[in-house]
Amino acid sequence: MEDIINKIIEIDQRAWNFHQKKKEMIENNEAKLKERLKALEKEIGAEAKKEGKEKAEKIVQEGEAEKEKIMLQTVQVCEVLEKTFLEIQEDLGEKLFHEIMG
């Protein structure tokens, strides 16, 4: 019984850690994208104003597309992990119920 309770506590801790890591991943990805965009903007600044402006707009769009792609991938990974967690949690809940009742 104690093992099951410890497993539930462990799963709960993993879920909390998972959500923290997800938040950190999103923040890190956004920071990296902002840094990359800034670096590219500096590089473009040395070129002609019109050409630089056109390239900057294109890079920003590509950066946004990359950001969306990364965010989508992160959400998909998180959904899979959360589904797995919920399945494990449900299974442990049933085992705990049967052990208590049975």
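In what follows, every heavy atom counts, from backbone to side chain, and hydrogens, waters and symmetry copies are set aside.
- I5 and I11 end up in the same hydrophobic cluster when Ile, Leu, Val, Met, Phe, Trp and Tyr side chains are linked at under 4.5 Å.
- K32 meets the salt bridge (charged side-chain N to carboxylate O under 4.0 Å, His left out) test with no other residue; sequence neighbours excluded.
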Report the C-alpha separation of K58 and E62 in whole Å, then their side-chain angles, then the decisive distance to 0.1 Å, and conclude whether the side-chain contact (heavy atoms from CB on, under 4.5 Å) test is met.
-> CA-CA 6 Å; K58 181 179 178 184; E62 290 172 355; 3.1 Å; yes

Please tabulate, one pair per line, all N/O donor-acceptor pairs under 3.5 Å involving side-chain atoms of residues 15-31, not counting sequence neighbours.
from, atom 1, to, atom 2, distance (Å)
N17, OD1, Q13, NE2, 3.1
N17, ND2, Q13, O, 3.4
N28, ND2, E24, O, 3.3
N29, ND2, M25, O, 3.3

Between side-chain atoms of residues 64-88 and protein atoms elsewhere (two or more places apart, or another chain), which donor-acceptor pairs fall under 3.5 Å?
from, atom 1, to, atom 2, distance (Å)
T74, OG1, I70, O, 2.8
T84, OG1, V80, O, 2.9

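- Judged as a salt bridge (charged side-chain N to carboxylate O under 4.0 Å, His left out), and not counting sequence neighbours, R36 has no contacts.
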When the side chains of residues 89-101 are checked against the rest of the protein, which donor-acceptor pairs come out under 3.5 Å, sequence neighbours left out?
from, atom 1, to, atom 2, distance (Å)
D91, OD2, K95, NZ, 3.4
E99, OE2, M1, N, 2.8

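- For residues 1-12, the set of pairs meeting the side-chain hydrogen bond (donor to acceptor under 3.5 Å, both in side chains) definition, not counting sequence neighbours, comprises E10-R14.
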